A.B. asks: 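My questions will all concern the structure given below.
Just so you know, these numbers come straight off a predicted model, no measurement behind them.
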Amino acid sequence: MINILIADQSYIIGSGFYAFLDQFDQISQIKVVDNSSDCLEAIESLLPKIILINTSMLSQEVENKVDELLTKDTHVLYLFNSALPTEAPRNQISLLHSKAEIFDRIQEVLNKVKSVQSSDSETQELSPREKLILKCVALGLTNKEIGEKEFISTHTVISHRKNITRKLGIKTVSGLTVYAIINNIIHMNDIN
């Protein structure tokens with residue numbers, strides 16, 4: 001199933017896309033945010049495979065932070081409040097596009113995500129952020145300490161830990177530590 005994040009300052013547009021996307025069977029969770037700080041937090045906690053973000057929310061600083069948080073298999077669709085040229089990239093959606101055009105572009109991305117998910121093996125690769133969290137866990141830090149060190153909420157740390165456990169199939173801290181050592185995420189001399 002696919003998680004989607006909608007980031008638009010307009011309540012009407014966010015609600016409209018929510019209702020529109022809710023009709024797709026492949027989508028498991030949809031979250032709507034209306035500001036950049038909530039957008040960044042939602043990317044970390046929801047781990048969306050598709051993000052629809054209005055370009056009016058993207059300052060250079062926010063765009064850089066979004067890029068840091070994205071995994072290699074996250075697709076971003078950029079929403080524009082104005083018309084786009086006919087040769088605009090497929091990951092750009094004008095709010096003036098027809099329902100059919102918006103449907104086609106979203107379905108295209110959903111198909112890409114589905115094909116990646118079906119080709120993934122049981123164990124998925126950890127994202128750079130997950131590897132960083134795993135390193136902290138293996139070094140014996142608590143969720144609170146990890147959150148303070150990485151400037152993220154404890155809830156976000158817990159979400160990352162759940163994803164790490166799901167991807168690796170390892171539930172114990174000792175098992176995660178062994179995995180981190182074997183995969184050179186930490187070294188034996190890092191452990192106190």
A.B. asks: With heavy-atom distances below 4.5 Å as the criterion, would you say the side chains of C39 and I53 are in contact?
C.D. replies: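 Yes, at least one pair of side-chain atoms sits under 4.5 Å.
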
A.B. asks: Drop me the distance from K167's NZ to S127's OG, to the nearest 0.5 angstrom.
C.D. replies: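 The NZ atom of K167 sits 5.0 Å away from the OG atom of S127.
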
A.B. asks: What I'd like to find out is whether the side chain of V66 reaches to under 4.5 Å of the side chain of I43, using heavy atoms alone.
C.D. replies: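 When only atoms from C-beta onward are counted, I43 and V66 do touch, with a gap below 4.5 Å.
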
A.B. asks: Counting distance only, does the side-chain N/O of E145 pair as donor-acceptor with the main-chain N or O of T142 below 3.5 Å?
C.D. replies: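 Judged by distance alone, yes, a pair lies under 3.5 Å.
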
A.B. asks: Parallel under 30°, tilted from 30 to 60°, perpendicular over 60°: which one fits the rings of F103 and F20?
C.D. replies: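 Geometry flag for F20 against F103: perpendicular rings.
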
A.B. asks: As a test of understanding, state which of H97, K99, R105 forms a side chain to side chain donor-acceptor pair (under 3.5 Å) with E101.
C.D. replies: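 The passing option is R105.
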
A.B. asks: Measuring only between side-chain heavy atoms, which start at C-beta, is T74 closer than 4.5 Å to I50?
C.D. replies: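 They are not in contact (no side-chain heavy atoms under 4.5 Å apart), so the answer is no.
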
A.B. asks: Are side-chain heavy atoms of I4 and K49 found at a separation under 4.5 Å?
C.D. replies: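 No, too far: nothing below the 4.5 Å cut-off.
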
A.B. asks: Would you indicate whether the side-chain heavy atoms of I51 and H75 approach each other to under 4.5 Å?
C.D. replies: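 A side-chain contact is absent here, since even the closest heavy-atom pair is not under 4.5 Å.
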
A.B. asks: Please report the closest heavy-atom contact between I93 and I106, naming both atoms and the distance.
C.D. replies: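 The answer is CD1-CG1, 4.3 Å.
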
A.B. asks: With a 4.5 Å cut-off on side-chain heavy atoms, are R161 and I133 touching?
C.D. replies: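 Touching, per the 4.5 Å side-chain cut-off.
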
A.B. asks: For L46, is there any backbone N or O sitting under 3.5 Å from a side-chain donor or acceptor partner on N3?
C.D. replies: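 Yes.
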
A.B. asks: Of the non-hydrogen atoms in A42 and V33, which two are nearest, and what is the gap between them?
C.D. replies: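 Closest pair (atom of A42, atom of V33, distance): CB-CG1, 4.2 Å.
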
A.B. asks: Between N64 and E68, do the side chains contain a donor N or O and an acceptor N or O under 3.5 Å apart?
C.D. replies: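 No donor-acceptor contact under 3.5 Å links the two side chains.
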
A.B. asks: Given F17, which of I102, N54, L77 fulfils the side-chain contact (heavy atoms from CB on, under 4.5 Å) condition?
C.D. replies: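 Among the candidates, only I102 passes.
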
A.B. asks: State the NE2-OG distance between H155 and S45, to the nearest 0.5 angstrom.
C.D. replies: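 Reported to 0.5 Å precision, the distance equals 5.0 Å.
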
A.B. asks: Could you walk me through whether E61 and K65 pass salt bridge (Lys or Arg N to Asp or Glu O under 4.0 Å), step by step?
C.D. replies: CA-CA 6 Å; E61 180 184 356; K65 287 180 181 177; 3.2 Å; yes

A.B. asks: Say you draw a straight line from CD1 of I170 to OH of Y179; how long is it, rounded to the nearest 0.5 Å?
C.D. replies: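 Interatomic distance, I170 CD1 to Y179 OH, rounded to 0.5 Å: 7.0 Å.
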
A.B. asks: Side-chain donor-acceptor pair under 3.5 Å between D8 and S10, yes or no?
C.D. replies: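 No, no side-chain donor-acceptor pair sits under 3.5 Å.
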
A.B. asks: Would you say V76 and L52 make side-chain contact, with heavy atoms under 4.5 Å?
C.D. replies: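 A side-chain contact is absent here, since even the closest heavy-atom pair is not under 4.5 Å.
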
A.B. asks: Does the S94 side chain pair with the main chain of S82, one donor and one acceptor, at a distance under 3.5 Å?
C.D. replies: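 Judged by distance alone, yes, a pair lies under 3.5 Å.
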
A.B. asks: Identify the two heavy atoms, one from I146 and one from L141, that lie closest to each other, and give their separation to 0.1 Å.
C.D. replies: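 Here I146 and L141 meet closest at CG1-CB, 3.7 Å.
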
A.B. asks: Got a donor-acceptor contact below 3.5 angstrom from the N163 side chain to the S159 backbone?
C.D. replies: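 Flag set: sc N163 to bb S159 pair under 3.5 Å.
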
A.B. asks: Are the side chains of I185 and L132 in touch, meaning some heavy atoms are under 4.5 Å apart?
C.D. replies: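 They are not in side-chain contact.
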
A.B. asks: S36 and M57: which non-hydrogen atoms are nearest, and at how many Å?
C.D. replies: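 The answer is N-CE, 3.5 Å.
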
A.B. asks: Determine whether the side chains of T156 and E41 contain a donor N or O and an acceptor N or O closer than 3.5 Å.
C.D. replies: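 No - no donor-acceptor pair under 3.5 Å links their side chains.
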
A.B. asks: Using the side chain to side chain donor-acceptor pair (under 3.5 Å) definition, which of the options Q107, E108, K114 pairs with N111?
C.D. replies: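 That would be Q107; it is the only one of Q107, E108, K114 passing the side chain to side chain donor-acceptor pair (under 3.5 Å) with N111.
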
A.B. asks: Please check: side-chain N/O of D190 versus main-chain N/O of I186, any donor-acceptor pairing under 3.5 Å?
C.D. replies: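 Pair absent, no side-chain N/O of D190 close to backbone of I186.
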
A.B. asks: If you look at every heavy atom in A138 and T177, which pair is closest and at what distance?
C.D. replies: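 Minimum heavy-atom contact is CA-OG1, 3.6 Å.
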
A.B. asks: Nearest 0.5 angstrom please: E63 CD to T55 OG1, how far?
C.D. replies: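 Here the rounded value is 9.5 Å.
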
